[in-house]
Amino acid sequence: MRAFRFLPGVALAVAAAVIGLTAVVPASASTSRVDLTVLVVTDGNPWVEAIRQELNTEGVPTTVIDLTSGSRATLTAGFLADTLADGTPHGHFEGVVLPNAAPTQLSAAELSALSGYEQAYHVREVDGYVWPGATLGLNTPTWAGSLDGTTATATASARADAFRYLNGPVPFEGTAGGSGSYGYLPTALPDDPTTGAHFEPYLTETIPGTTTTGVLAGVYSSGGRQQLALTFAYNYYQQQYRLLAHGIVEWVTRGVHLGQWRNYFSAHIDDLFNDNARWSRSGHCTPGAGDCAAGVPATGVIRMTPADVTATVAWQQQNNYTLDLLFNGGPSLDYAAANGGTDPLTTALLANRNSFWWVNHTYQHPFLGCLQDFTVIPWKCRTDASGAVQYVDQATVNSQIQQNIQFAQTNGLPFRPNELVAGEHSGTAVLPQQPSDSPNFLASLSQNGIQWLGVDASRESGQRQIASALGVPRHPVNVFYNVSTQADEVSEYNWLYTSKANGGSGACEANPAATTCITPLDLTTGWASYVLPLQAKITLGYVLANDPRPFFMHQSNLADDRLALQALSGILTSYRSWFTADTPVVDQTLTDAGTTLQQQTAWQQTRTAGTVSAYIQGGTVTVQGPAGTSVPVTVPSGTTVTGGGTLFGTVYGGEQSGTSALGSAPTSLTLATAAFGTVAASSPAPTGGLALASYGVGSAHEVKRGGAAVTVTDRFGVHVLPKLAGRPEEELHIGASHHHPYRTGT
């Protein structure tokens, strides 16, 4: 790692071996075993909780010590490690996360035990938010303040290490001088040749009012330990942390851990072939949708044109991205019947059918839950004389599903018959009006073999079994279904999110815990200045959280001002400015998104049950548990399946990851470079011995002394160095890009 000026990707570890000048590693030495579990020591502050949440989001097993609990475990040598029956040194944790470098709730003995463990087993430590100082290789900061609206840089060292997925810029959210993120910008102390201490900057910014580069994060290496220290406050949801979060996980685990990370982004466009009602700026409602008072003039409908189809296809090609179109076949035939037998929109869409993915959205888009009563606002479910809710009959639901399948097959749409998203996500519970799923809708799902059902993530974010189908929650994008122009979008946005005193609905005042009132936006500039960037930020928050749930907008948003394409462009442009080309957004079908969510849920349940364990020993990762269990695993580039030689998983963001189905025997993977080093026997060094600090597994194979020279044979080759007598510690240089500290004998 760059903290030791190593070649990128070479793991750093300080061995405790004491080797005779003419001896090889003792036969009694055994390769240490380290469990793939991260120790998280938390005091409840948002920065350490952010790291804890990221580990959980990615599926990394953790052991959590709550410093606020009077019954917490004590960090002792026995808690951190033991020795297996065959004499193998056994470390219980592959990484350590602390709220800062020395939490006051930990005793001196606990801090000493932790430090000793990290030295012996080459385990890294993340210090969530620190006061810069000499104990971390930093000068006392000359500047402290708000980082909002600034842009930091991930250094070349960071991008050669665990943050290899970043292009470099790390923008802090907020406006300049805000109160969202506070931090310090110190500079690094010079290297200390007597101790080998070195601080390698990983995240930097220019100190305001100077030309000096300050440090916001970096790796301090000293005394056989490595600490990733961050000098600014953050929480899980802030943009700057979302960009850094995965790199922190990769760094502390050396890129070897259970769990998997991707940046998922799939976009659905609902109601293709159909039209949508249009928002009324004067009535502050949508005529025809059942929410307008009597007398509000009709506003007409919004329906795409062939030119919109051409523009959408061109946009996809330019952006290397595929949309999922959710279609209603009935309106296509209805439009043609009313217009001389032709529908130019249908002709354009069918001519480009293979440019898109397609999903059954029912034939006519009716509400398939309860029978709705629109005599009141908001509507309610109709009931019979006994008060029981009345539901749309099963024959109607069946017809809506089956007629749309027939339309798709007749027109050659490349769709998947086992997928369905009902109009308005109807059929399942809609609070407060319909608290339960419609029994007729559930029966139709099973009758028609539906396996994946899109549901509204704003109503239910978790995955559940719904008759024969698994639910796939979809995130709504706040580009409204009933608008096609920027001005209409801003008008409706103002109505929903401004106070009554400012001409709004006051909904934001009625729900202060969920919504904040804003100053009314200008109809001409409000979209570009506020709504668009905010929606991109909100969407990217999900994209950067390992969340496979799709997003949805409507065909109306591809008409006129094409708001959907503007929103998608903003999201992809920001994303691609931050992430490398080998870390693309993962665009999935509804089936694939549902499968990914199913796998994530199953792995969460497996972790809770504690039935799977994994460890690394030398250059081998072993995963064991009940046969048939699927386990996500992330490993460094070049890792192969032991015995087979084939690369494991797929490459994403400069690492390899995939899901392994356990068999009767444990799964075994071989790393290209072992990650945690070796721990030799604890026998003392011979007189005149040389203690070699070995960075990188297997790097100290043989050390010999001849006259005034020391010869070291390691995995980089054979190296002859002069022995500088009388110096307590020297630096053994190998080539121009990596070195080993060593201690001379007496």
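The first residue in the sequence is number 1, and the count goes up from there.
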> Cut-off 3.5 Å, side chains only: do Asp560 and Thr485 have a donor facing an acceptor?
Replying inline: no
>> Ignoring hydrogens and geometry beyond distance, is a side-chain donor-acceptor pair present between Ser484 and Arg278 at under 3.5 Å?
In response: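 Their side chains do contain a donor-acceptor pair, which is all the 3.5 Å distance test asks for.
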Centroid separation [X] to [Y] less than 6.0 Å:
X: Phe441; Y: Tyr391; result: no
X: Phe273; Y: Phe407; result: yes
X: Phe265; Y: Tyr321; result: yes
X: Tyr481; Y: Trp279; result: no

> After noting the C-alpha distance and the side-chain angles of Leu544 and Leu243, does the key distance pass the side chain to side chain contact (heavy atoms under 4.5 Å, CB included) rule?
Replying inline: CA-CA 7 Å; Leu544 305 185; Leu243 294 174; 3.9 Å; yes
Less than 4.5 Å apart, side chain to side chain, heavy atoms only: is that true for [X] and [Y]?
X: Glu419; Y: Thr591; answer: yes
X: Trp357; Y: Leu326; answer: no
X: Ser491; Y: Leu523; answer: yes
X: Pro473; Y: Leu597; answer: yes
X: Pro584; Y: Tyr652; answer: yes
X: Arg382; Y: Cys370; answer: no
X: Tyr497; Y: Leu521; answer: no
X: Tyr493; Y: Thr498; answer: no

Does [Y] offer a backbone N or O that forms a donor-acceptor pair with the side chain of [X] under 3.5 Å?
X: Gln433; Y: Trp379; result: yes
X: Gln318; Y: Trp315; result: no
X: Asn448; Y: Ile450; result: no
X: Asn56; Y: Arg52; result: no
X: Glu58; Y: Trp261; result: no
X: Thr362; Y: His365; result: yes
X: Gln588; Y: Thr596; result: no
X: Asp437; Y: Ala429; result: yes
X: Arg474; Y: Phe552; result: no
X: Ser574; Y: Gly570; result: yes

>> I'd like to know whether Tyr236 forms a side chain to side chain donor-acceptor pair (under 3.5 Å) with Thr57, so could you lay out the CA-CA distance, the side-chain angles of the two residues, the decisive distance to 0.1 Å, and finally the verdict.
In response: CA-CA 11 Å; Tyr236 178 80; Thr57 296; 3.1 Å; yes
Atom [atom1] of [X]: over 12 foreign heavy atoms under 6.0 Å:
X: Gln406; atom1: CD; answer: no
X: Phe579; atom1: CZ; answer: yes
X: Tyr237; atom1: OH; answer: no
X: Asp522; atom1: CG; answer: yes
X: Tyr542; atom1: OH; answer: no

Assess whether a salt bridge exists between [X] and [Y], defined as any Lys/Arg side-chain N lying under 4.0 Å from an Asp/Glu carboxylate O.
X: Glu509; Y: Lys500; value: no
X: Arg281; Y: Asp488; value: yes
X: Asp547; Y: Arg262; value: no

> Under the side chain to side chain donor-acceptor pair (under 3.5 Å) criterion, do Arg549 and Ser266 qualify, and how do the steps go?
Replying inline: CA-CA 8 Å; Arg549 297 167 180 82; Ser266 306; over 6 Å; no
> Should Gln394 and Gln447 be marked as a side chain to side chain donor-acceptor pair (under 3.5 Å) after you check the CA-CA gap, both sets of side-chain angles, and the distance that decides it?
Replying inline: CA-CA 10 Å; Gln394 186 178 340; Gln447 181 176 338; 2.8 Å; yes
>> Name the residue from Asp343, Asp271, Asp308 that meets the salt bridge (Lys or Arg N to Asp or Glu O under 4.0 Å) definition with Arg303.
In response: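 With Arg303 as partner, salt bridge (Lys or Arg N to Asp or Glu O under 4.0 Å) holds for just one option, Asp343.
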